[in-house]
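Just so we're on the same page: letters track the sequence lines, and every chain starts at 1.
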Number of protein chains: 2
Amino acid sequence: MAVTMNDVARAAGVSLKTVSNVINNYEFIRPATKQRVLDAIDELGYETNLTARSLRSGKTSMLGLVLADLSVPYYAELASDIMKAAWSRGYRVLVEQSGNETEHEKAALQGPFRSLTDGLLFIPLSLDAEQIIAAAGSKPLVLLGEFVQDPRLDMVLIQNQEAAAAVTAHLLAGGRRRIAVLGAHDGDTTGSNGLRLDGYKAALTAAGVEYDPALVVPCNWRRDAGADATSRLLDSGVEFDAVFGLNDVLALGAMHELLLRGRKVPEEIAVAGFDDIDESRFASPSLTTVAPGRAEIAERAVELLIQRIESKDAVHTVQQPEAAFELRVRQSAP
Amino acid sequence: MAVTMNDVARAAGVSLKTVSNVINNYEFIRPATKQRVLDAIDELGYETNLTARSLRSGKTSMLGLVLADLSVPYYAELASDIMKAAWSRGYRVLVEQSGNETEHEKAALQGPFRSLTDGLLFIPLSLDAEQIIAAAGSKPLVLLGEFVQDPRLDMVLIQNQEAAAAVTAHLLAGGRRRIAVLGAHDGDTTGSNGLRLDGYKAALTAAGVEYDPALVVPCNWRRDAGADATSRLLDSGVEFDAVFGLNDVLALGAMHELLLRGRKVPEEIAVAGFDDIDESRFASPSLTTVAPGRAEIAERAVELLIQRIESKDAVHTVQQPEAAFELRVRQSAP
DNA sequence: CGCAACATCTGCAACGATGTATGCCGGGCC
DNA sequence: GGCCCGGCATACATCGTTGCAGATGTTGCG
């Protein structure tokens with residue numbers, strides 16, 4: 001079986017607790033004793049059993065990350081950043097894919113998954129604020145993404161409106177007047193889609209361009225959906241000289257379809273997205289988009305969550321920091 | 001504090017052990033008793049403490065997955081599939097990013113990470129077989145990717161040679177004779193790069209086309225490296241009418257550079273890749289590539305690993321199943 | 001009726017670590 | 001000289017669960 005502290009203690013001729021103290025860097029240990037213990041650890045190849053430590057200490061040093069699916073590039077890249085941020089602070093990340101299903105999201109918040117983590121980073125897609133609050137109980141929780149907004153919950157925000165307005169303004173500055181929007185419904189006002197649509201509208205208004213609901217095409221935030229939506233738009237006969245995909249994969253799907261149908265990008269139709277995933281830089285043509293500050297989001301979210309975990313009982317005011325965004329002008333909309 | 005089995009036992013008027021038995025679906029429990037326990041669990045909102053369970057049972061029901069970085073699309077998609085496969089068998093996945101660094105890879109195999117998982121899925125990039133065997137000890141282990149091959153280790157294989165040969169043959173069938181290869185070194189014979197290069201050579205030989213080392217460009221398997229390599233190739237004046245990227249992002253990077261330099265794809269230069277990541281289907285033009293059977297790889301790897309875990313002491317012969325591949329012909333090389 | 005065989009439930013110890021309380025030793029202070 | 005204190009090490013209980021070995025009750029059958 002595995003080597004335990006007991007074995008090390010015996011080998012070093014000290015008590016079990018002294019071994020524990022050495023491992024936990026207890027201050028008052030004679031250098032000689034410490035060395036003897038360390039040698040024994042080395043010799044026996046002892047490894048602390050994190051499970052036992054967790055049971056005793058009540059902490060697992062793991063953060064849960066609940067998101068829809070890692071195969072979505074934005075989530076994968078965000079997850080990567082979050083893991084790095086957590087790692088550098090001594091925490092690991094346990095990822096749970098919700099598949100965007102209500103039941104899975106609930107299960108992730110409530111289920112046995114809870115007991116494995118000290119706190120949760122959650123990108124909600126189908127639960128609302130009430131459900132989240134009810135399900136999370138007292139477990140430290142930080143939300144990401146903007147599908148849920150609530151003054152009672154800690155979350156790291158993206159400047160959806162401002163960033164979307166910046167993209168739209170850029171397209172307008174390039175002379176485009178009929179900018180199609182993929183991924184929102186005409187009436188949307190909340191969630192990432194609603195907020196980004198708002199930004200779009202605000203930029204139109206600021207430029208004195210009329211808003212036309214016919215240009216707003218609802219669809220899932222996926223490549224194929226973006227392509228389909230574009231196809232439908234082209235078939236419908238609605239005129240447009242630019243496409244704004246509310247995320248990058250949508251925009252890339254749209255661009256694919258446009259080129260397939262023989263439209264020139266950006267000469268005839270400009271395309272812009274939102275997220276700045278790695279792929280966008282190397283698309284052909286490369287995609288104009290807005291970087292929502294992914295690394296910053298990851299850092300802040302992890303930091304905020306750990307802060308909540310480590311001062312669990314302290315009273316605290318809700319925090320909702322906003323990450324800075326940056327417009328990335330590329331070939332698809334110069 | 002949290003509700004424990006003891007609380008449930010008291011509430012239901014049974015012994016602690018009976019609660020445990022109910023939870024673990026022990027056969028011989030009177031339906032009435034079972035119901036009473038379940039009601040108590042419901043009422044108190046009891047959740048089994050997985051940490052304690054793990055300590056006692058010696059199993060964590062978690063699989064470790066060690067890979068370079070989730071921001072690499074192929075890894076992200078594979079991770080997603082692996083998590084689904086594991087989940088459906090009652091296991092969770094703890095991902096560890098090695099960043100392709102030897103020390104991190106070693107730490108993942110040896111460090112405290114070990115005690116958190118029942119077994120490891122490992123995509124080695126810098127450790128060799130000896131180091132892996134030494135570091136892994138007796139922990140169940142299944143390798144993925146082909147940078148390491150060894151008859152002593154369980155692994156799930158891709159048909160690198162055959163698949164690369166199929167891609168090359170397809171390009172040859174399309175009339176291409178000067179096919180550049182990105183991502184391998186002329187001398188490579190082992191690892192994914194060597195095997196794929198072998199397949200390329202075999203297809204050339206079969207078609208009676210001479211192999212020209214000048215067409216083989218070594219580079220990292222990343223988008224920007226693919227673009228750079230292509231740029232260097234164009235500058236060098238070497239003639240070529242097709243590019244075979246040893247993975248998709250390389251090919252996509254190459255395609256980006258080709259289009260940027262005004263070369264027509266596929267008219268002047270055809271492009272093909274390897275992996276069939278989601279993005280390739282919607283690239284412009286869409287990328288011809290080979291699907292290595294990702295879902296099957298994930299399934300097999302998880303199944304094999306779990307089999308090793310659950311029959312730990314049994315003698316077993318090494319298994320190295322191969323996943324079936326499939327050529328996906330698209331616009332970039334019709 | 002007695003006893004085996006089975007169904008149902010229980011108590012105790014243990015998994016491997018850490019927190020708390022405490023013991024012991026030597027030296028400085030009154 | 002006695003006392004206190006800081007430095008160092010230890011014993012014991014404990015975290016919440018499961019494995020093992022019974023204890024108890026119930027049924028069937030010779």
Next on the checklist: Between C1' on dT10(C) and CG on Asn21(B), what's the gap in Å once rounded to a whole number?
Outcome noted: 9 Å
Checklist entry - Can you tell me if Gln97(B) uses its side chain to pair, donor with acceptor, with the backbone of Ser80(A) under 3.5 Å? => result yes
Item to check | Minimum-distance nucleotide to Tyr46(A) side chain [options: dG19(C), dC9(C), dA17(C)] | outcome: dA17(C)
Checklist entry - Just how far, in rounded Å, is P of dG16(D) from NZ of Lys17(B)? => result 17 Å
Checklist entry - If an axis is fit to five pairs at each end of the helix from dC1(C)-dG30(D) to dC30(C)-dG1(D), what is the angle between the two, to the nearest 10°? => result 60°
Item to check | N or O in side chain of Ser20(B) less than 4.0 angstrom from dT18(D) OP1/OP2 | outcome: yes
Next on the checklist: Need one value for Thr4(B): base, sugar-phosphate or nothing, where a base atom within 4.0 Å counts as base even if backbone is also close, heavy atoms only.
Outcome noted: sugar-phosphate
Pairs under 3.5 angstrom only: tabulate donor-acceptor contacts from the side chains of residues 118-128 of chain B to other protein residues two or more places apart or in another chain.
| unit_1 | atom_1 | unit_2 | atom_2 | d |
| --- | --- | --- | --- | --- |
| Asp118(B) | OD1 | Thr60(B) | N | 2.7 |
| Asp118(B) | OD1 | Thr60(B) | OG1 | 3.1 |
| Asp118(B) | OD2 | Thr60(B) | N | 3.3 |
| Asp118(B) | OD2 | Ser61(B) | N | 2.7 |
| Ser126(B) | OG | Thr102(B) | N | 3.3 |
| Ser126(B) | OG | Thr102(B) | OG1 | 3.1 |
| Ser126(B) | OG | Glu105(B) | OE1 | 3.4 |
| Asp128(B) | OD1 | Glu130(B) | N | 3.2 |
| Asp128(B) | OD1 | Gln131(B) | N | 2.9 |

Next on the checklist: I need the residues from residues 23-40 of chain B with at least one non-hydrogen atom less than 4.0 Å from DNA chain D; give them sorted by number, or say none.
Outcome noted: Asn24(B)
Checklist entry - Taking Asp69(A) for the side chain and Val72(A) for the main chain, is one N or O donor matched with an acceptor at less than 3.5 Å? => result no
Item to check | Rounded distance in Å - CE (Met5(B)) to P (dC15(C)) | outcome: 19 Å
Item to check | Separation of dA17(C) C1' from Asp7(A) CG (nearest whole Å) | outcome: 13 Å
Item to check | Sub-4.0 Å heavy-atom contacts from residues 47-59 of chain B onto DNA chain C, ordered by number | outcome: Leu55(B), Arg56(B)
Next on the checklist: Can a side-chain donor-acceptor contact be found between Asn6(B) and Thr4(B) if the only test is distance below 3.5 angstrom?
Outcome noted: no
Item to check | Qualifying salt bridge (Lys or Arg N to Asp or Glu O under 4.0 Å) pairs, either residue in residues 15-37 of chain B, two or more places apart | outcome: none
Checklist entry - When rounded to the nearest 0.5 angstrom, what distance separates CG in Asp154(A) from CG in Leu144(A)? => result 11.0 Å
Checklist entry - Are Arg89(A) and Glu299(A) close enough for a salt bridge, meaning some N to O gap below 4.0 Å? => result yes
Item to check | Donor-acceptor under 3.5 Å (Ser311(A) side chain, Gln307(A) main chain) | outcome: yes
Item to check | Nucleotide dG16(C), atom P - distance to CG of Leu44(A) in whole Å | outcome: 14 Å
Item to check | Atom pair OG/CZ of Ser15(A) and Arg10(A) - distance to nearest 0.5 Å | outcome: 12.5 Å
Next on the checklist: Test your reading of the model: is there a side-chain donor-acceptor pair from Asp275(A) to the backbone of Ile277(A), 3.5 Å cut-off?
Outcome noted: no
Item to check | Partner set under salt bridge (charged side-chain N to carboxylate O under 4.0 Å, His left out) for Glu96(B), not counting sequence neighbours | outcome: Arg92(A)
